[in-house]
Amino acid sequence: MDNIKKNSKTAIIIGAGPAGLTAAIEMLRKTDIKPIIVEEADVVGGISRTVEYNGNRMDIGGHRFFSKDESIMNWWAQILPLQAKPAFDDILLDLEKNYPSSGPDPETDNKVMLIRRRISRIFYRKKFFNYPVTLSADAISKMGIITTMKCGLGFLMAKICPRQENSLEDFYINRFGKPLYSMFFKNYTHKVWGKEPKELDADWGAQRVNGLSLASIIKNLLRRKNNSINQEGVEKSLIEQFIYPKYGPGQLWECVAEEVKHLGGTILMNTRASAINCTDKNVVSVTTTQSNGTAQTIYCDYLLSSMPIKDLVGSLSGIEVPQKVTNIASQLPYRDFITVGILVNELAIGNRSKYVSFNNRIPDTWIYIQEDSVRLGRLQIFNNWSPYMVADYKKTMWIGLEYFCNEGDDLWSMSEADFKRFTIDELVKIGYIANAGDVLDAHVEKVKKAYPAYFGSYHQLPEVVDWINGIGNLFCIGRNGQHRYNNMDHSMMTAIEAVNCLASGSTDKSTVWNVNTEQEYHEQKS
């Protein structure tokens, strides 16, 4: 085993996702501590990476670049400046004008952010409903007057007699009423988590949709439209525009990784943290193992971990971990994720919206599939995130089908060929393509531990956090590092707060753990 000894202050950062890369670049900007990132995969970005397949790019989950924190917006702009283009609606609607087909843009125009219009809808009983759901004239005509009246009465009852919020079901009913909850939230939530909402902790709602309710949606409909990119005063679930890297979210994190190395940081790819070695309640080194089996020990002064808490606790060595902490951490639940890229000439389903779109195509960035007859949870249309995600956006449509599962279950265990056939059959069933022969190409991506879950031993997580915080030079950052269903900006903010602690010499980690507890930052799925 080779040993890498420290000759100056060093921080090991586990994970080259948004949290880990943000921590590294902030460390290089603010301190004299040298960051060494350890990344198990062969690409950076974590779940925010971009996958390229036969010239088409896939976003793993759909990542809107938008934050209520202006410093995060500025941080992104320092990496990829905003493209000097017309207003955001023109960019989406007038593709012929803004996206020439005569080859790529000049290199100087490749590393940019585009301004995008946010359009996402719910597909329920073969009809489209705005998301977030509203009691608009369009929705009323699709639901019918009787169902609409039931929804209105249900909302009033929820306001008059609110439930004690012991579960996510209680959380949703208090904000929308039972009828709307049953129609537009219950089924999708079950698809995502594999559990009924009444089995999920209300903390998920507090993390993700605290500012979203029927009342806030109505208020948003009545306010003056805000075309500024920061959209001050708008709930994050109701934003109408966002910025997005020209070639997908991975482009930004690849640029950050380049800057980390340029500033003197180190990124070890295809390398996992196999043991975290402690002495006297401090991390002294990390044993790493490369994909070829080569092991080495890297000594450090600090450790910033974005690895799942379950794996972190299991990797600790040289410190006695209480059995209760081990049990809670080992049983923390996660939800795994499979996405399938499907290439077609055109979808069988047309625009069906008020928006003008290229060739009258469907204009959505993503669509929530609320059909009980399929297991498909959500559908992305990469053409509408950025036309540059598609090798030939004019002649083809490149869509992403999202499935939520558990490692080892029937979906996860399907062969790639069988899974492709399964997903294509589901597209035919809901009418998005006419037949399987319409599919030109397909690609499958699987992601383990994509979503930290809010049930099971999650309820005892504070006991694990309290114990981990007793390891003085260990800071937990990011989504999996804190077992929180954080958005990208929240993950970045945990990293920034951790580096601020290092810069000031503070071992008080409360600011790191308090990110995303303020109501201002709550948001629906990113």
Side-chain angles (χ1 to χ4, degrees), residues 61-62 64 116-144 147-148 150-152 154-155 158 168-169 171-173 175-193 196-197 200 204-205 208-209 211-218 220-221 235-240 242 339 347-355 357 361-382 384-385 399-404 423 426-427 429-432 523-526:
R64 288 179 288 138
R116 314 308 292 141
R117 182 195 290 276
R118 179 258 177 97
I119 304 173
S120 55
R121 290 180 291 175
I122 297 169
F123 192 66
Y124 174 70
R125 294 184 179 177
K126 303 293 179 71
K127 298 176 181 178
F128 283 100
F129 292 84
N130 289 335
Y131 177 82
V133 63
T134 63
L135 293 180
S136 63
D138 178 68
I140 291 170
S141 68
K142 291 172 181 174
M143 290 191 295
T147 299
T148 301
K150 288 180 179 178
C151 291
F155 175 70
L168 185 59
E169 179 174 84
F171 182 95
Y172 274 132
I173 290 174
R175 285 155 180 76
F176 291 92
K178 193 169 184 178
L180 281 175
Y181 154 74
S182 298
M183 293 169 63
F184 296 118
F185 294 95
K186 185 177 181 179
N187 176 262
Y188 179 76
T189 302
H190 184 268
K191 285 183 179 181
V192 173
W193 299 109
E196 293 294 336
L200 299 173
W204 187 91
R208 305 297 296 189
V209 292
L212 181 64
S213 67
L214 188 58
S216 67
I217 293 168
I218 294 171
N220 184 66
L221 288 173
E235 293 293 342
K236 290 187 75 177
S237 288
L238 304 176
I239 65 166
E240 296 174 355
F242 57 92
T339 185
L347 291 174
I349 196 163
N351 187 324
R352 299 197 195 177
S353 80
K354 65 181 180 180
Y355 300 101
S357 61
R361 288 173 173 172
I362 195 165
D364 305 69
T365 44
W366 62 45
I367 300 166
Y368 296 91
I369 307 298
Q370 295 276 22
E371 300 292 339
D372 293 336
S373 62
V374 295
R375 295 175 69 175
L376 173 61
R378 201 173 64 172
L379 186 148
Q380 291 191 75
I381 302 172
F382 297 118
N384 297 334
W385 285 91
I399 62 175
L401 281 60
E402 299 182 2
Y403 291 85
F404 309 96
T423 59
E426 291 214 321
L427 278 181
K429 184 180 291 186
I430 60 175
Y432 277 64
E523 182 193 10
Q524 168 64 338
K525 189 173 187 319
S526 68

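Separating the CG atom in Asp372 from the CZ atom in Arg125 is a distance of 8.5 Å, to the nearest 0.5 Å. Glu402 contributes atom CD, which lies 5.0 Å from atom CZ of Phe404 (distance to the nearest 0.5 angstrom). Taking CD1 of Ile122 as the reference point, atom CG of Asp364 lies at 11.5 Å (rounded to 0.5 Å). Distance check, rounded to the nearest 0.5 Å: CD of Glu169 to CD of Glu196 gives 8.0 Å. Rounding to the nearest 0.5 Å gives a distance of 8.0 Å between CD1 of Ile369 and CG of Leu401. For the atom pair CD1 of Ile367 and CD1 of Ile430, the computed distance is 8.5 Å after rounding to the nearest 0.5 Å.
Cation-pi geometry between Arg352 and Phe128 is not met at under 6.0 angstrom from the ring centre and within 45 degrees of the axis.
Side-chain contact between Met143 and Tyr124 is absent, with no heavy atoms from C-beta onward closer than 4.5 Å. Here the side chains of Leu376 and Tyr432 are not in contact, with every heavy-atom distance at 4.5 Å or above. At least one side-chain heavy atom of Ile362 sits under 4.5 Å from a side-chain heavy atom of Ile381.
Residue Ala158 comes nearest to Ile173 through the heavy atom pair CB-O, 3.2 Å, listed as atom of the first residue, atom of the second, then distance. The heavy-atom pair separating Lys191 from Arg375 by the smallest distance is CD-O, 4.1 Å. For the residue pair Trp385 and Gln380, the shortest heavy atom distance occurs at NE1-OE1, 3.2 Å. The shortest non-hydrogen separation linking Arg378 to Gly62 is NH2-N, 4.3 Å. Pro363 approaches Arg121 most closely through the heavy-atom pair CD-NH2, 3.9 Å. Listed here is the closest heavy atom pair of Ile399 and Phe382: C-CE1, 3.6 Å.
With sequence neighbours left out, Lys142 forms a side-chain hydrogen bond (donor to acceptor under 3.5 Å, both in side chains) with Asp138. Tyr403 pairs by the side-chain hydrogen bond (donor to acceptor under 3.5 Å, both in side chains) definition with Glu426, not counting sequence neighbours. In this view, Tyr181 satisfies the ring-ring contact (aromatic ring centres under 6.0 Å, His included) rule with no residue, not counting sequence neighbours.
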task = Given side-chain contact (heavy atoms from CB on, under 4.5 Å), test Phe176 with Met183 step by step and report yes or no.
result = CA-CA 11 Å; Phe176 291 92; Met183 293 169 63; over 6 Å; no

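Screening Phe129, Phe123, Tyr131 for a ring-ring contact (aromatic ring centres under 6.0 Å, His included) with Phe184, the sole residue that qualifies is Phe129.
For NZ of Lys178, the number of neighbouring non-hydrogen atoms (other residues, nucleotides, ligands) closer than 6.0 Å is 12 at most.
In this structure, Tyr368 and Tyr188 have perpendicular ring planes: the angle between them is above 60°, well past the 30° mark.
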